[in-house]
Structures are given as C-alpha cells and as structure tokens.
Amino acid sequence: MNWAIIATWRMALEGVSAASELLKSGGSASDAVETAVKMVEDYPLYKSVGYGGLPNENCEVELDAAFMDGDTFSIGAVGGIKDFKNPVSIARKLSLERFNIFLVGNGAEEYAHKNGFERKNMLTDRAKRIYEKRIEEIKNKNLSPYDGHDTVGIVCLDINKHMAVATSTSGLFMKKRGRVGDSPIPGSGFYVDSLIGGAAATGLGEDIMKGCLSYEAVRLMENDIHPQDVAEKVIYEFSSKLIKKRGKAGAMSIVCLNNKGEWGVGTNVEFSFIFANEKIEPKVYLAYPKGSSTIYTEATKEWLDSYLKRISAPLD
Ligand code: SD4
C-alpha cells in the first residue's frame, strides 16, 4: 500500500522525515501531520512558525494553526494564540469538539490552559532582535513592514487511505495585533477530503483567502484533474484574476496531493517544498513559476548549505 506526504518550505524537512518513519510503520495521516508540524513549531531557527516565529508590530508572537481530518471533515483551528508551545496540537484537540472549533486570542488560550497544553514564551531573543532591526529599517529606509512570512502546511495520505492536513504560522511579520491570515481558515489555507485529496497554501494570506485556494484545489481534483495541473490552474488563474480586479497579486504557493498519492505544486514565486512517499525519501525541491507552469528541481547541496547558514547566521 502506498503513502505520501507533501509540505510547504524547506523548514518541514525534519518533520516530514519523522512523519515518514511513522507512515512506514502504518501510522495515521493525522498523527503524521501533527508530528511533523510540531517539529517545525519547536525549532527556534524557523522564524515564521511556532517558537522563534517573528512577532507582530507590538513585538508579540501571535500564532495561527489548523488541523483537518479528511475522513470525518473534523476541523480545529486557533487564531492569534500567544504563549502556547504547540498551536497545531490545540487545533487538533479542537477538531474533536462539536461546537466552538475555531477559537482566537484569549478564548483559544483559555481552552489550551483548561486542556493542559504546555505554556511557553514563544518570543526568542533572536526573533526580538530581528524585530528591532526591522523597526530601524522601516524608519530609515521607508520599507514595507509586511515581509518575511512562511506557513508550514502538510498534506498526508496514509496506507489506510486516510488523509489529513495541518498548518501553522506566525503569520505576517509586523502584522497588526489580532490579524489572522489564511492558514487557520478552512478552504483558504487548507482543505482535505480523503475521498478526493488535500491542499495547503502559503503566501500572502490577504490574497489567498480572496480565492479560497485550498478548497478550490480539492474541488478541481474531484474532477480527476492531476494535482500538478490543479496546483498550476489555481495559482495562475487566481493571480491573473487578482491582477485584473486589483492591479496586483501577492505571493501564493500551494501543495496538492490526491488520494492516489499523486501530487503537484503551483507557485508565483520561488518556493521550496518537501515530498516523500514509500519509494522516495524526503527531499527538498525548489519550484519556480515559468509562464503558466511551475517547474521544480531537487535542491542542490549548495542551496541546502546556504539555507542553513542563512537561518543560523549571527545577528549584529
Ligand atoms: C499568512 N499565509 O498569515 C500566511 C503566511 C505565509 O508564506 O504563509 N506566508 O498570511
């Protein structure tokens, strides 16, 4: 039997590797996505998710996360949650509730506290320093504050044909307090149906949510369109629509996986992603837009080394 897992960005590599071990031994897609996302949340040098995530304009780390089970359509999500270690696990727990499945801010924190989730100050010294530097840059160079953001989004199929998806992010760097992006919003940042497939998006949430891109991708996969064609169609058609209507389109990328284990990616910017299945070990790929197609290649050793160097470079 086959399994498969696809994830946004290089930062998911270690998590996907752990999840692959789980899947090989018959683990469930739900456990696999939660395990993988937690590893990204826990790693301090990934500065757009969980611990070490970049703060909002008030220097507070507010996190968004979601979980969806493709067999039952159970969804749980948190928005703007502070001071809890693993927002994705809180989201998964919420997915078991009948009511109140999407909680934000204080309400999400109260729920997490009552349910025994671990508290943690998620602001690292490094993230604080990046924030301080950014404040100076914005002042001196008149730069847009909304830059530097990535969501981990992972879609998985297990050997029992169960599918699940999870997302987690600190959202846009320098966002306004209370801002929630697409990542915890069902149909925008994520969606999955075990009878069809699943998708997860990353990029400018304000634009992704205008097109409900993940739901759109799953809907197209239902018509038996290959996930690669789906991913390209969703990204390029919607980018063009936005340009027609609004004159511009933000960065948008999507990963798609169907219930046969076929997969695809679409992006309008340079984008890294991870894929693994029973035949292919977890690997980092780099994707680029080329006309209305997305091309991708395996990341080179130079790229991988320079990534590690960049995320751990000392800050002055
Ligand atoms: C958001 N979509 O909060 C997230 C951020 C992201 O690549 O994924 N950026 O808008």
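Order of listing sets the numbers, starting from 1, for every ligand and every atom in it.
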Item checked: Any N/O pair D64/ligand 1 closer than 3.5 Å -> no
Note to self: Other residues, nucleotides and ligands only: do more than 12 of their heavy atoms fall within 6.0 Å of NZ on K120?
What the structure shows: yes
Notebook entry, point to check: Are a donor atom and an acceptor atom from the side chains of S253 and T267 found within less than 3.5 Å of each other?
Noted result: yes
Notebook entry, point to check: Under 6.0 Å from the CG atom of N106, do we count more than 12 heavy atoms belonging to anything else shown?
Noted result: no
Note to self: For the 3.5 Å polar cut-off, considering only N or O atoms, please tell me whether T202 and ligand 1 meet it.
What the structure shows: yes
Next item on the list: Output yes when a side-chain donor or acceptor of S194 lies under 3.5 Å from a complementary backbone atom of G70, and no otherwise.
Entry: yes
Next item on the list: Report the member of S170, G203, G205, G153 with the shortest heavy-atom distance to atom 5 (C) of ligand 1.
Entry: G203
Next item on the list: Mark yes or no for whether N56, through its side chain, and C59, through its backbone, hold a donor-acceptor pair below 3.5 Å.
Entry: yes
Item checked: N/O separation below 3.5 Å, R179 to ligand 1 -> yes
Next item on the list: Check whether any N or O atom of T169, backbone or side chain, sits under 3.5 Å from an N or O atom of ligand 1, and answer yes or no.
Entry: no
Next item on the list: Can you sort out which atoms of ligand 1 are near G181, meaning under 4.0 Å from one of its heavy atoms?
Entry: 3 (O)
Note to self: As an exercise, identify every atom of ligand 1 less than 4.0 angstrom from a heavy atom of D182.
What the structure shows: 1 (C), 2 (N), 4 (C), 10 (O)
Item checked: Contact atoms of ligand 1, heavy-atom distance to S183 under 4.0 Å -> 2 (N), 4 (C)
Notebook entry, point to check: Do NZ/NE/NH1/NH2 and the carboxylate oxygens of K260 and D224 come within less than 4.0 Å?
Noted result: yes
